[in-house]
Novice: 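Below you'll find the structure I mean.
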Amino acid sequence: MEDRQLVYMDHAATTAVDPEIVQAMVPYLHNHFGNPSSIYSIAREAKEAVDSARVKVAAALGAKPDEIFFTSGGTESDNWAIKGVAYANRKRGDHLITSKIEHHAVLHTCQYLEKQGFRVTYLPVDQYGLVDPGELERSITDTTTLVSVMYANNEIGTIEPVKELASITHEHGAYFHTDAVQAVGHIPVSVDSTGVDLLSLSGHKFNGPKGTGALYIRKGIRIDNILHGGGQERNRRAGTENLAGIVGTGKAIELATTGIEEKGARIRAMRDRLISGIQGSIPHTRLNGHPSLRLPGNLNISFDFIEGESMLLLLDSFGICASTGSACTSDSLEPSHVLLATGLPAETAHGSLRLTLDVENTDEEVDYVLLTLAKVVGRLREMSPLGKPAT
Amino acid sequence: MYSKTVMDHFMNPRNVGEIENPDGVGEVGNPVCGDIMKIFLKIDDNRITDAKFKTFGCGAAIASSSMATELIKGKSLEEAWEVTNKAVAEALEGLPPIKMHCSVLAEEGIHKAINDYRIRHNLPPWEEKAHAHHDEKEDCGCTTCNTG
């Protein structure tokens, strides 16, 4: 085999912690290890570090520092936002609205609440994965307390019209939550210009450490706690702070949002070259997601006649890390709920490939992926009983 | 998640392709579920002299097709009929529980191909054990099991 290089194009799954961020974190694992709740000097340093990270996260979102609450990640933030608002406002209403293409952290939380007696409407999406604000208008009632629609989808990268959705939600007196785990650090996100009331983010999606995230809660929102215990995070989220993780997330969001437009443009250029390269060299493909309203690094393409897991295994043998919406890599029989919600037939969803790029990817890597992908798809199509053995 | 043997048969699949003028063909699976397996047999004097396959599916489906065709080559039809999904999975040094249905597809594909041959020769088809794999302790995850 020729030189095997490693090409990581699965940044929507997770990212490596930047060395600069590791450096910022290390002192808080060792020298400044104090519990931020204690009163001696090393604890004060810890407390200051948490506050400073909070200021950075707030600045990145255009929020106030006291509206930022650190959590263990995107899943906890989503759980907190949805369960917390649902329970705190139960007297006012028992209806929640979300979309069919949410992350499971949102979908499974909503399904849990249905078992607890809440009613949930799952808004459909169009062929590009866009939620129609008109559908929200038709579904929302006086008993709706929360609408939760993601900022950008993790599989197909579609950016949702959150500003419009939040505005409709507010006209009906409900709160708007957005799972912005895929958006923060990749496209400019502002809580004020969108008007969202709650926003979830996760550090490891923008070169921060795993196990740290945050929930933005606009001042004045009625929300219950879901973690009960000590008085951390201003009595809203119990549990000793993940000090180094919080420091890392603060540093990461600062770095990620610096020059975010320029970085986005570079990533988008590489991504677009990949898309046109694939479409130009491989027949029988379909681009999933929206042609323009999508995250700069996201590419999701279905290849007819072949299955995604075998594509990933072959790509891995060439050192390329990618992802698929095929059922065969999950623990269920169903292919991606997101792709099915866009109307894609199951057999096409099984043949989907997701590549998610970041600034550290290079033009050489794009060339290598294009070359390798054509080989891999050709080889699997040769083996497939479906279609014509096109290469 | 896959054994070395599964990866070997996936990366270097044996017997890929079609047989011209096959004596028996069996196609099983469903594109909606993400796997289709097509088995081609050359049969001489009641013996499988060649076996090939074409498969749309995951790594386990391709490896199962490769191993199954290896296992039946040279066998009499009676012997080949007795090659169970378990035998295919064992020869592959095991499959993850959720992937057991891939070995079931291979067994069913062979049965279909053999019966195709028998029907072509005006012989009564043998009874296909559609749920042979139900003896397995784990839920194999296949649609046959799940739709009941």
Side-chain angles (χ1 to χ4, degrees), chain A residues 1 4 284 286 302-320 322-337 339-340 343-353 372 375-391, chain B residues 1-2 6-19 22 25-40 52-66 69 95-102 105 109 113 138-147:
Chain A
M1 196 188 275
R4 187 193 142 119
H284 305 291
R286 178 197 195 274
S302 288
F303 298 88
D304 290 345
F305 320 131
I306 61 176
E307 188 278 327
E309 191 219 61
S310 47
M311 226 186 317
L312 293 195
L313 289 171
L314 278 183
L315 286 172
D316 178 51
S317 77
F318 289 102
I320 297 169
S323 167
T324 176
S326 170
C328 299
T329 54
S330 69
D331 52 4
S332 79
L333 285 167
E334 285 280 294
S336 147
H337 66 286
L339 294 176
L340 294 183
L344 208 63
E347 56 266 45
T348 317
H350 282 297
S352 73
L353 176 76
T372 310
K375 273 194 259 182
V376 163
V377 171
R379 186 161 149 190
L380 289 172
R381 282 182 176 171
E382 284 285 324
M383 258 190 257
S384 172
L386 301 176
K388 292 179 195 120
T391 47
Chain B
M1 81 187 232
Y2 286 136
V6 171
M7 282 312 290
D8 175 38
H9 277 261
F10 168 69
M11 292 301 295
N12 312 292
R14 284 66 149 174
N15 314 312
V16 180
E18 298 185 14
I19 292 176
V25 179
E27 183 173 323
V28 288
N30 181 335
V32 176
C33 307
D35 34 33
I36 299 181
M37 211 176 272
K38 207 168 172 183
I39 307 271
F40 303 83
K52 288 201 181 298
F53 78 87
K54 281 213 154 181
T55 292
F56 158 82
C58 62
I62 289 168
S64 295
S65 317
S66 168
T69 47
L95 284 171
I98 193 84
K99 300 289 189 180
M100 280 305 284
H101 77 277
C102 297
L105 273 184
E138 319 98 314
D139 176 7
C140 72
C142 83
T143 40
T144 322
C145 296
N146 282 13
T147 52

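First the proteins, then the strands, lettered A, B, ... as listed; each starts at 1.
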Novice: Among the options A:Ala346, A:Pro385, A:Gly351, pick out the one with the most heavy-atom pairs lying under 4.5 Å from chain B.
Specialist: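 Max contact count across the listed options: A:Pro385.
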Novice: Is there a donor-acceptor pair closer than 3.5 Å between any side-chain N or O of A:Glu347 and the backbone N or O of B:Val32?
Specialist: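 Pair absent, no side-chain N/O of A:Glu347 close to backbone of B:Val32.
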Novice: Let me know if B:Pro13 has heavy atoms under 4.5 Å from chain A in its side chain, its backbone, both or neither.
Specialist: side chain
Novice: If you compare all heavy atoms of B:Cys102 against all heavy atoms of B:Met37, which two are closest, and at what distance to 0.1 Å?
Specialist: O-CE, 3.7 Å
Novice: Name the member of B:Ile36, B:Val16, B:Thr55 that forms the most heavy-atom pairs with chain A at distances under 4.5 Å.
Specialist: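 Most pairs with chain A among the choices: B:Thr55.
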Novice: Check each atom of B:Met11 against the heavy atoms of chain A and say whether the ones under 4.5 Å are side chain, backbone, both or neither.
Specialist: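 The answer is both parts of B:Met11.
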Novice: Taking atom types as modelled, is there a side-chain donor on B:Asp35 or B:His101 under 3.5 Å from an acceptor on the other?
Specialist: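 Looking only at side-chain atoms, B:His101 and B:Asp35 do form a donor-acceptor pair, the distance falling under 3.5 Å.
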Novice: Is chain A contacted by the side chain of B:Ala60, its backbone, both, or neither, given a heavy-atom distance below 4.5 Å?
Specialist: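 It is the backbone, since no side chain atom gets that close.
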Novice: Quick one: pull up OG in B:Ser65 and NZ in B:Lys54 and give me the separation to the nearest 0.5 Å.
Specialist: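 Going from the OG atom of B:Ser65 to the NZ atom of B:Lys54 covers 12.5 Å.
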Novice: What distance do B:Phe53 atom CZ and B:Glu18 atom CD have between them, rounded to the nearest 0.5 Å?
Specialist: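 That separation rounds to 12.0 Å.
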